[in-house]
Number of protein chains: 2
Amino acid sequence: MARRSSHTPEELRQRILEAAQNIIEREGLIGLSAREIARSIGYSPGTLYNIFENLDDVLLTLQTQMMASLVDVMKAVPTAETPQLTIDALAHAYVDFALDNKRMWNLLFTHYLPSEMAAPVALIENVNIVSSIVESAIAPLMAKAGKLEIEVAAKALWAGVHGVTAIAVTDKGPTLNSATAHAFARQLVTTYTRGLTCK
Amino acid sequence: MARRSSHTPEELRQRILEAAQNIIEREGLIGLSAREIARSIGYSPGTLYNIFENLDDVLLTLQTQMMASLVDVMKAVPTAETPQLTIDALAHAYVDFALDNKRMWNLLFTHYLPSEMAAPVALIENVNIVSSIVESAIAPLMAKAGKLEIEVAAKALWAGVHGVTAIAVTDKGPTLNSATAHAFARQLVTTYTRGLTCK
DNA sequence: ACTTCCAATTGACCGGCGTTCATTTTTATT
DNA sequence: AATAAAAATGAACGCCGGTCAATTGGAAGT
């Protein structure tokens with residue numbers, strides 16, 4: 001059959017991505033399959049492969065979308081009265097974003113794509129944008145420092161916030177989890193920035 | 001057939017775990033399958049299920065072993081002249097451990113076991129031991145602080161070191177990767193501990 | 001209205017997977 | 001030698017990712 005449904009290729013593409021995202025949020029990566037996606041949008045498995053190269057292509061596209069959303073969220077964080085407060089707000093936004101999309105956020109960092117499959121430029125670029133946002137926020141605290149020094153300081157801190165987030169989203173253990181993630185992130189940011197500013 | 005080979009059940013168990021570990025280090029989780037394990041030790045697939053409940057049981061056992069190794073490594077880190085140096089040495093050991101066993105270390109944090117499968121007590125206990133090692137190292141810097149405060153400070157820092165490690169092992173991007181991981185961990189530890197000690 | 005054409009879609013097919021379990025083989029015991 | 005128990009098998013089930021020749025049905029041309 002052909003053109004049975006009224007979906008344009010773009011619509012179909014979006015429906016596939018939505019379906020995949022729903023399945024992941026519901027059942028995790030483990031529950032995702034081409035057949036399950038096809039079932040949930042009322043198409044046959046083969047149809048997926050007319051639009052995406054394979055399942056990894058679908059996942060890579062989702063990763064790219066997620067990263068773009070993250071950048072949007074972080075860009076929307078307003079500059080606060082002090083650099084410390086701005087960084088704290090950025091960390092809060094980051095943690096919130098992850099907690100709101102636990103499984104999809106996890107996907108960003110835990111799904112290894114086959115090495116022969118290059119990450120799209122847009123994805124890499126957005127990673128850099130996140131870095132630069134943090135660098136801009138941290139720079140005022142390091143007036144006398146060079147560009148490289150600032151970059152290192154920003155990336156170390158952000159990797160740290162990332163670590164807090166990563167542990168929190170798994171929700172194991174009673175101490176560092178979804179409920180307490182913001183507090184731990186604040187502790188890290190506060191102490192780290194104090195370390196930056198006082199000798 | 002039965003008892004064809006000369007392997008005791010314990011030996012067989014170890015061979016399965018070794019084979020699984022080799023496959024994971026070589027090809028990642030994606031390459032792991034019960035059939036592949038069986039092939040690589042010269043048994044039929046069914047045999048695995050005489051010894052382990054299922055593949056997740058194998059993975060959980062590997063996770064437990066890995067965590068035990070990590071604890072061994074961290075316990076072996078000698079107390080240095082200053083708390084700062086001790087913490088730095090602990091971070092170094094942690095990063096080293098992860099870099100030496102990238103895929104297996106990743107397994108510790110990225111493989112979601114089905115929720116109906118509880119983590120073994122030994123695994124949870126060892127996570128707590130890692131925490132307590134860091135707490136002991138950080139306590140001298142927080143003489144006036146309460147137990148809870150120390151715990152929070154230690155866990156936030158260690159989640160941070162974990163984050164640096166997590167990003168480094170994926171080896172994407174030119175900045176924070178295997179080659180630079182130790183430097184970033186040191187940056188985080190140094191700045192954070194300075195933030196703890198100076199007002 | 002009728003035909004032609006072609007993009008859209010299908011679904012059978014391949015090889016592989018996790019897991020189960022009745023059956024077979026081997027060892028140990030009597 | 002006979003028997004019981006243990007160990008290992010491999011066929012079977014229902015899934016999976018991915019391919020592709022065949023089919024369908026709307027659009028365009030007449």
Side-chain angles (χ1 to χ4, degrees), chain A residues 1-24 26-63 107 111-117, chain B residues 1-24 26-63 107 111-117:
Chain A
M1 319 170 196
R3 248 161 298 186
R4 279 205 311 203
S5 58
S6 51
H7 303 309
T8 68
E10 303 311 313
E11 279 173 348
L12 192 43
R13 192 184 163 81
Q14 286 312 313
R15 297 188 112 234
I16 290 171
L17 291 171
E18 269 175 43
Q21 189 159 351
N22 286 339
I23 293 168
I24 291 173
R26 208 175 333 112
E27 316 173 37
L29 252 189
I30 206 73
L32 188 73
S33 74
R35 290 174 142 85
E36 184 66 24
I37 294 173
R39 270 192 291 272
S40 92
I41 62 171
Y43 277 81
S44 70
T47 298
L48 290 201
Y49 294 87
N50 296 333
I51 298 189
F52 292 95
E53 268 203 29
N54 49 40
L55 257 196
D56 277 318
D57 187 18
V58 174
L59 286 172
L60 198 51
T61 306
L62 285 177
Q63 286 181 325
L107 179 64
H111 178 65
Y112 278 86
L113 16 124
S115 46
E116 67 271 15
M117 208 166 162
Chain B
M1 318 167 197
R3 245 162 300 183
R4 278 203 312 202
S5 59
S6 50
H7 303 309
T8 69
E10 303 311 315
E11 278 174 347
L12 193 43
R13 193 185 163 82
Q14 286 313 312
R15 298 188 111 234
I16 290 170
L17 292 171
E18 269 176 42
Q21 188 158 351
N22 286 338
I23 293 168
I24 291 172
R26 208 180 328 114
E27 317 173 38
L29 251 190
I30 206 73
L32 188 73
S33 74
R35 291 175 138 89
E36 183 67 23
I37 295 173
R39 270 191 293 273
S40 91
I41 61 171
Y43 278 81
S44 70
T47 299
L48 290 203
Y49 294 85
N50 295 336
I51 298 189
F52 292 95
E53 267 202 29
N54 48 39
L55 256 197
D56 276 319
D57 187 18
V58 174
L59 285 172
L60 198 50
T61 305
L62 285 177
Q63 286 181 327
L107 179 65
H111 179 65
Y112 278 85
L113 16 124
S115 46
E116 68 270 15
M117 208 167 161

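The sequence lines fix the lettering, A, B, ..., with proteins before strands; numbering per chain opens at 1.
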Please determine whether a side-chain nitrogen of the Lys or Arg among B/E36 and B/R39 lies less than 4.0 Å from a carboxylate oxygen of the Asp or Glu.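 Yes, this pair counts.
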
What's the [atom1]-[atom2] distance between [X] and [N], to the nearest Å?
X     : N      : atom1 : atom2 : value
A/L48 : D/dC20 : CG    : C1'   : 15 Å
B/Y49 : C/dT19 : OH    : C1'   : 5 Å
B/F52 : C/dG18 : CZ    : P     : 15 Å
B/I51 : C/dT20 : CD1   : P     : 15 Å
A/E36 : D/dG18 : CD    : P     : 16 Å
B/R35 : D/dG10 : CZ    : C1'   : 10 Å

Measure the CD1-OH distance between B/I51 and B/Y43 for me, rounded to the nearest 0.5 Å.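 Reported to 0.5 Å precision, the distance equals 8.0 Å.
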
Which comes earlier along DNA chain D counting from the 5' end, the contact point of A/A34 or that of A/T47, where each point is its nearest nucleotide?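 Going by which nucleotide is closer to the 5' end, it is A/A34.
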
Given that A/E53 and A/R39 both sit by DNA chain D, which one's nearest nucleotide is further toward the 5' end?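 Its nearest nucleotide lies further toward 5', so the answer is A/R39.
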
So which of residues 13-23 of chain B are in contact with DNA chain D, with a heavy-atom cut-off of under 4.0 Å?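 None - not one residue of the stretch has a heavy atom sitting under 4.0 Å from the strand.
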
How close do [X] and [Y] get, counting heavy atoms only, and between which atoms?
X     : Y     : result
A/A20 : A/V58 : CB-CG1, 4.0 Å
A/I16 : A/I41 : CG1-CD1, 3.7 Å
B/A19 : B/I37 : CB-CG2, 4.1 Å
A/Y49 : A/N54 : CE2-CA, 3.8 Å

So [X], base contact, sugar-phosphate only, or nothing? Heavy-atom distance under 4.0 Å.
X     : result
A/S44 : base
B/N50 : base
A/L12 : sugar-phosphate
A/S33 : sugar-phosphate

Closest listed nucleotide, where the reference is the side chain of B/Y43 and the choices are C/dT9, D/dT9, C/dG18: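 Of C/dT9, D/dT9, C/dG18, D/dT9 is nearest to the side chain of B/Y43.
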
Which nucleotide wins on minimum distance to the side chain of A/P9, given the candidates C/dT20, D/dG18, C/dA8?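 Nucleotide nearest to A/P9's side chain: C/dA8.
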
Does the pair A/M117 and A/L59 meet the rule for a side-chain contact (heavy atoms from CB on, under 4.5 Å), with working shown? CA-CA 12 Å; A/M117 208 166 162; A/L59 286 172; over 6 Å; no

